[in-house]
Structures are given as structure tokens and as C-alpha cells.
Amino acid sequence: MESMVAIRGLCKSFGPIRAVDDISFDVRRGEVLGFLGPNGAGKSTTMKMITGFLTPSAGSARICGHDVAAAPVKAKARIGYLPEGAPAYPDMTPAAFLGFIADIRRVPSADRARRIDFAVDRTQLRNVLHQPIETLSKGFKRRVGLAQAILHDPEVLILDEPTDGLDPNQKHEVRALIAELAREKATIISTHILEEVDAVCSRALIISQGRVVADGTPRELEARSRWHNAVTLILPRARLDGLRAALAGCAAVASVEDGTADAGLARVTAFPRVGANLIAELGTIGRDPAHAIEEIRVERGRLDEVFRQVTGARTSASARAAA
Amino acid sequence: MIQTLTIFRREFSGYFATPMAYVFLVIFLVFAAALTFYLGNFFERGQADLASFFMWHPWLYLFLIPAIAMRLWSEERKQGTIELFLTLPIGLGQAVLGKFLAAWAFTGVALALTFPIWITVNWLGAPDNGAILTGYAGSFLLAGGILAIGACISATTKSQVIAFVLTAAVAFVFTVSGSAIVLNFFSGWAPDWLTEAIRSFSFLTHFNAMNRGVIDIKDVFFFGSLIALFLFANAIVVDIKKAG
Ligand SMILES: Nc1ncnc2c1ncn2[C@@H]1O[C@H](COP(=O)(O)OP(=O)(O)OP(=O)(O)O)[C@@H](O)[C@H]1O
Ligand SMILES: [Mg+2]
């Protein structure tokens with residue numbers, strides 16, 4: 001597969017602040033790259049450099065073979081970009097605004113009406129089409145920004161927090177829209193919603209303090225979690241001690257933690273020893289009627305935990321270095 | 001070129017989407033008329049010309065043009081729309097030019113709306129309409145010059161207030177450098193070439209020359225190169241700002 005976005009050694013300094021520090025990656029057609037990281041990690045700054053809004057301090061970005069610095073107009077023509085905060089001209093109506101974008105992006109007049117209709121329908125803007133953008137609610141403003149980004153059917157989609165401020169229905173719609181569009185495009189989205197990564201991203205990049213600290217499919221990242229392949233059991237509270245004793249006797253179990261559950265029920269999670277296949281070992285315990293297990297399930301791993309682990313560790317390490 | 005036109009259209013219609021355009025037009029027309037008739041002694045002079053009308057334009061423009069120019073880039077920066085604008089597939093030159101031309105056309109509309117005064121002098125007497133035309137041309141060029149300076153300054157800051165004050169100050173310096181007070185101050189002790197240089201950089205010198213009914217290529221060239229220079233600087237400022 002061809003690489004449609006090629007980022008090499010991208011750096012950005014704002015005075016003494018090193019906002020982006022040597023980031024490299026590729027995004028291929030059909031791929032959705034999720035950009036994760038704590039506030040101030042450098043996600044938006046990276047996107048601003050890829051879209052040609054900021055000039056990098058070092059490094060390069062190529063869009064479909066066009067270097068953003070050397071051939072900015074060609075590169076920008078292939079990008080649909082939703083900037084952070086979804087800026088749009090406040091005194092225009094969505095209809096006028098989208099018309100302006102279609103003209104300036106030179107959408108052929110034969111396609112113009114169809115493309116605008118598509119964008120308006122998919123972001124459900126129909127009812128507010130003739131209302132000044134400044135009077136729209138936050139979520140609708142974001143949808144206008146989204147409509148603007150997909151209007152010209154770009155090959156590369158770069159969306160900075162596309163679902164921020166949307167209601168749950170819209171979040172769902174927008175994720176479905178991204179998933180649908182993404183088949184033919186290279187997509188980069190930034191988000192603070194980890195379930196979104198699972199829902200739409202084929203790959204996730206966690207960045208912290210301007211550097212990539214983790215890179216992989218959501219599954220791969222989850223596998224780095226302590227919770228990966230842990231087994232959670234739910235049983236009547238009265239049977240808890242019996243189960244504890246059984247787990248203690250099982251060689252594959254490294255540790256056991258109690259969770260919270262409903263009245264009368266207890267939740268226990270057993271963490272595996274390195275390399276152990278815990279669920280196979282626990283099968284017999286689970287079936288033993290003495291424990292009256294109501295539910296047994298294998299944990300996939302928790303992205304939020306991996307996120308904290310890879311971003312938090314760096315912060316405390318650098319804090320120590322600074323001290 | 002098409003995209004310059006697209007930007008032009010959006011910007012130009014943008015003026016009329018807010019009360020700003022109407023406030024500006026009314027203030028301009030009221031002041032232009034009041035200054036002409038009361039301070040300019042339009043009727044008492046007994047002359048069928050528009051000298052007493054045009055003579056106030058440089059001073060009117062001093063505070064009205066910066067008000068138009070200040071929003072050109074500062075507002076985009078403040079609203080964050082500059083990130084959208086500058087990531088569109090357009091050349092920097094097209095962006096700068098489209099914005100400038102829209103603002104300039106808007107001042108052209110304001111000027112055109114002063115036509116009743118032209119009708120008035122033609123009704124009262126037999127003016128030299130050629131001189132009136134060059135007067136309008138001079139006024140339009142002057143407005144373009146101040147606008148270009150203002151556009152460039154507005155690209156440097158998020159704050160429209162700063163953009164306004166700086167533009168007015170620079171335009172003031174360019175204007176008064178041709179006034180008798182300033183020139184007399186210099187001619188007492190400074191070498192003649194310096195006084196002459198100061199005079200030749202003044203808006204007033206070139207504006208008044210065009211008001212006399214002759215279009216000298218020198219004056220047109222002065223305003224033309226002033227506009228070109230500041231629009232070029234405008235593009236450079238926008239580009240430098242991208243470096244953060
Ligand atoms: N124009 C600027 N001048 C100075 N510092 C800046 C500028 N823009 C960004 N920064 C700094 O760069 C760092 C990265 O900011 P960035 O906006 O990329 O973070 P982010 O990952 O998008 O965060 P968030 O999740 O809050 O959106 C921050 O420390 C920020 O303060
Ligand atoms: Mg951000």
C-alpha cells in the first residue's frame with residue numbers, strides 16, 4: 001500500500017518550548033491513525049505542520065508525494081482539515097460558507113451541488129443552513145467544520161478532535177462517517193476519547209511532550225496493559241473465600257484484585273503470570289459448582305491504563321530529571 | 001486568479017453582512033459633506049469645483065481607512081479562521097491580493113456614493129469635470145495606499161486596536177510630512193535634498209498634484225509602488241508568522 005502521508009523527523013519549537021520533538025510516521029490509504037496524548041502533548045501542533053499552517057523547525061511532511069513546504073498548494077489541495085476548535089467565519093451562514101469552500105477548492109461545477117448536499121446530509125446541517133454560524137451551538141459549529149473538511153472529497157483527512165462537543169448520537173454518526181470515508185482515504189484524527197480509538201482507528205499513536213511514546217494497533221496497545229488476558233469472575237459474595245483459596249492454588253495466577261459489584265455479588269480479577277494462559281487454567285475453577293460463578297470473562301486490556309502508563313511515566317521521569 | 005476573485009467576493013460581501021459597512025459609509029458621507037460645506041466654505045468660495053471636497057479626504061482617511069484595514073488579518077487571527085484560510089490551496093499572493101482588493105473596492109463604493117456632490121457642482125455651475133475625475137482617482141489611490149499599509153500592519157497582530165492605532169500613526173506621518181508646518185521646520189536647517197525627500201514621500205504632495213486636474217505618472221507610480229511594497233511586506237509578515 002502506498003504511503004499517502006509521510007512525516008519525517010518533524011520538530012517544532014516555540015522559543016524554549018519544544019512542542020514537537022522528532023515525530024515520524026506514515027499513513028497509508030484506508031488507514032485511520034488516532035493521535036492520542038495528554039493536553040499540550042503536541043497533537044495539534046503536529047497537525048498544523050502537516051497542513052502547512054505552521055512551518056516546522058525541522059523535518060518534512062509529504063502529502064501524496066507533495067512536500068508541504070516545497071509545493072504547498074498541491075499538498076493542501078489533497079487535504080481536508082478540521083482545525084482545533086473548528087473555526088469558521090461567524091457572520092456567514094453554513095450555506096454561504098460551504099459555497100465559498102467549494103469555490104476556493106475548485107470543486108467542479110458539475111459536482112458542486114452534489115458534494116455540498118453530501119456534506120450537509122452527512123453532518124445533518126440541513127436545518128441550520130441559513131442561520132449565521134455565530135448563532136449556532138458548539139456542536140453545530142463543529143459539524144460545519146466537519147462538512148467543510150469532507151466537502152471536496154479529499155484524499156487525506158486531518159481532523160483535530162472531530163467529536164469534541166457533539167452529542168452521543170452525533171458522535172456515533174461522525175464515527176460512522178469517518179469509518180465510511182476512511183476506506184478510500186488516509187485519515188488522521190486526534191482525540192481524548194479512548195473508546196473512539198477502538199471504534200474507528202486502525203492504528204494509534206500516543207504522543208507525550210512532543211514525542212511518540214507508543215505506536216500500534218489498538219489491540220497491540222491494549223496488550224501492553226496489565227489487564228490484558230486477566231480474567232474477571234463474578235460470584236455470590238458468600239462464595240468469595242472459597243474462590244480465593246482456589247485461585248491461590250493456581251500456578252498461572254500472579255495476583256488477585258477485588259473489584260466492586262452489585263449487592264450480594266463480588267467481582268474478582270485474576271492477573272496472569274507472564275506467558276501463562278490463564279483462561280485455560282481457570283476453566284475448571286469456573287465450572288466448579290462449588291463457586292457458583294455467574295460470569296467469567298477475559299479482559300482485553302485497557303487503553304486508558306496503557307495511556308497513563310506511557311504518558312505518566314515520562315512526566316514523572318522528566319520531573320525527576322528536572323529536580 | 002479565479003481564487004483571488006473568490007476571496008474577493010467573500011470578503012466584499014462580508015462587509016455588508018455586518019453593520020460595519022453601513023456605519024462606515026454613513027460616517028464617511030456625513031463627514032465628507034459636513035467638512036466640505038461648513039469648513040470648506042463650498043458655497044462661499046463661489047467656485048464650481050470640488051477642491052473644498054477633496055482637500056479633506058486625507059484627514060478623513062486618516063482615521064476611517066485604518067478602521068477598515070485593521071480587521072483584514074487581525075480578525076482572522078483572533079477568530080482562528082486564519083488557520084482555515086491559510087490551509088486552503090491558494091497562493092499567499094492570491095490571499096493577500098484578494099483581501100486587499102475587496103477592502104479597496106469597498107472604499108471605492110464609499111467614494112462613489114459621494115456622487116450627489118458632483119451632481120451639485122454641475123448643477124450650480126460648469127466645473128472642470130476632468131479635474132474632478134482626477135481628484136477622485138487621487139482620492140482612490142490615496143485610500144489604497146493607506147489600506148495597504150494597514151493590511152500589512154494588521155497581519156502583525158491579533159489586536160485590532162493595535163492595528164488601528166499603528167496604521168493611523170504611520171498614515172499620519174506619511175500625510176503630514178508634506179504639510180507646510182513640517183516642511184518649514186526642516187527647511188530652516190536641513191539640506192534641501194532631505195526636505196525634498198520628505199516632501200516627495202508625502203501623501204499630500206501627490207494627492208494635491210492629482211487634485212489640480214493633471215494625472216502625472218509620477219504620482220500614480222508613487223501610490224502604485226507604495227501599495228505593491230506594502231502588500232509584498234504583508235505576504236512576508238504572514239509567512240514569518242507561520243514560523244511561530
Ligand atoms: N503559538 C504558540 N506559541 C507558543 N507555544 C505554543 C504555541 N502553540 C502551541 N504551543 C505549545 O505547544 C505545546 C503543544 O501544544 P498543542 O496545541 O499541540 O497540544 P495538543 O496536544 O493539541 O493539546 P490538547 O490536547 O490540549 O489539544 C503546548 O505546550 C503549547 O503550549
Ligand atoms: Mg490540540
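Worth saying up front: this structure is predicted, and the values here are computed from it rather than measured. So you know, we letter chains A, B, ... as the sequences are listed, proteins then strands, and number each from 1.
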TODO: Select one option (side chain, backbone, both, neither) describing which atoms of B:Leu92 are under 4.5 Å from chain A's heavy atoms.
DONE: neither

TODO: Tell me, yes or no, whether the heavy-atom count around B:Lys242 atom NZ, taken from other residues, nucleotides or ligands under 6.0 Å, exceeds 12.
DONE: yes

Task: Heavy-atom proximity to chain B below 4.5 Å, by part of A:Lys12 - done: side chain

Task: Contacting moiety of B:Thr18, where chain A heavy atoms sit under 4.5 Å - done: side chain

TODO: Could you grab the distance from atom CG of A:Leu82 to atom CD of B:Glu83, nearest 0.5 Å is fine?
DONE: 9.5 Å

Open item on the list: Just so I know, are the side chains of A:Pro87 and B:Gln79 near enough to count as touching, which here means a heavy-atom distance under 4.5 Å?
Closed with: no

Open item on the list: Tell me the closest heavy-atom pair linking A:Phe53 and B:Ile82, and the distance in Å.
Closed with: CE1-O, 3.8 Å

Task: B:Phe221, CZ: over 12 other non-hydrogen atoms inside 6.0 angstrom - done: no

Task: Proximity breakdown for A:Pro83 and chain B, heavy-atom pairs closer than 4.5 Å - done: both

TODO: State whether the number of non-hydrogen atoms from other residues, nucleotides or ligands found under 6.0 Å of B:Phe172 atom CZ is greater than 12.
DONE: no

Task: Pick from A:Val68, A:Asp103, A:Thr45 with the largest number of heavy-atom pairs that fall under 4.5 Å of chain B - done: A:Asp103

Open item on the list: Looking at B:Phe63, I'd like to know if its CZ atom is crowded, meaning that more than 12 non-hydrogen atoms belonging to other residues, nucleotides or ligands lie closer than 6.0 Å.
Closed with: yes

Task: Segment of A:Arg106 engaging chain B (4.5 angstrom heavy-atom cut-off) - done: side chain

TODO: Give a yes or no on whether B:Ile217 atom CD1 has more than 12 heavy-atom contacts from other residues, nucleotides or ligands under 6.0 Å away.
DONE: no

- [ ] Give a yes or no on this: more than 12 heavy atoms of other residues, nucleotides or ligands lie within 6.0 Å of atom NZ of A:Lys74.
- [x] no

Task: Atom pair CG (A:Asp91) and CE (B:Met20), whose distance is rounded to the nearest 0.5 Å - done: 11.0 Å

Task: Per-residue contact mode, B:Glu76 against chain A (heavy atom under 4.5 angstrom) - done: side chain

Task: Under 4.5 Å from a heavy atom of chain B, the part of A:Met92 involved - done: side chain

TODO: To the nearest 0.5 Å, tell me how far A:Ile50 CD1 sits from B:Thr87 OG1.
DONE: 12.5 Å

Open item on the list: For A:Glu184, I'd like to know if atom CD has over 12 heavy atoms of other residues, nucleotides or ligands within 6.0 Å.
Closed with: no

Open item on the list: Within this structure, what is the CD1-CZ distance for the pair B:Ile7 and A:Phe100, rounded to the nearest 0.5 Å?
Closed with: 6.0 Å

Open item on the list: Quick check for you: to the nearest 0.5 Å, what is the distance between B:Leu86 atom CG and A:Leu54 atom CG?
Closed with: 10.0 Å

- [ ] Drop me the distance from A:Ile79's CD1 to B:Leu88's CG, to the nearest 0.5 angstrom.
- [x] 11.0 Å

- [ ] Heavy-atom distances under 4.5 Å only: say whether A:Ile101 touches chain B with side chain, backbone, both or neither.
- [x] side chain

Open item on the list: Which heavy atom of A:Ile104 sits nearest to which heavy atom of B:Pro89, and what is that distance?
Closed with: O-CG, 4.4 Å

Task: Exceeds 12 heavy-atom contacts within 6.0 angstrom, atom CZ of B:Phe16 - done: yes

- [ ] Could you tell me which portion of A:Ala77 (side chain, backbone, both or neither) has an atom closer than 4.5 angstrom to a non-hydrogen atom of chain B?
- [x] both

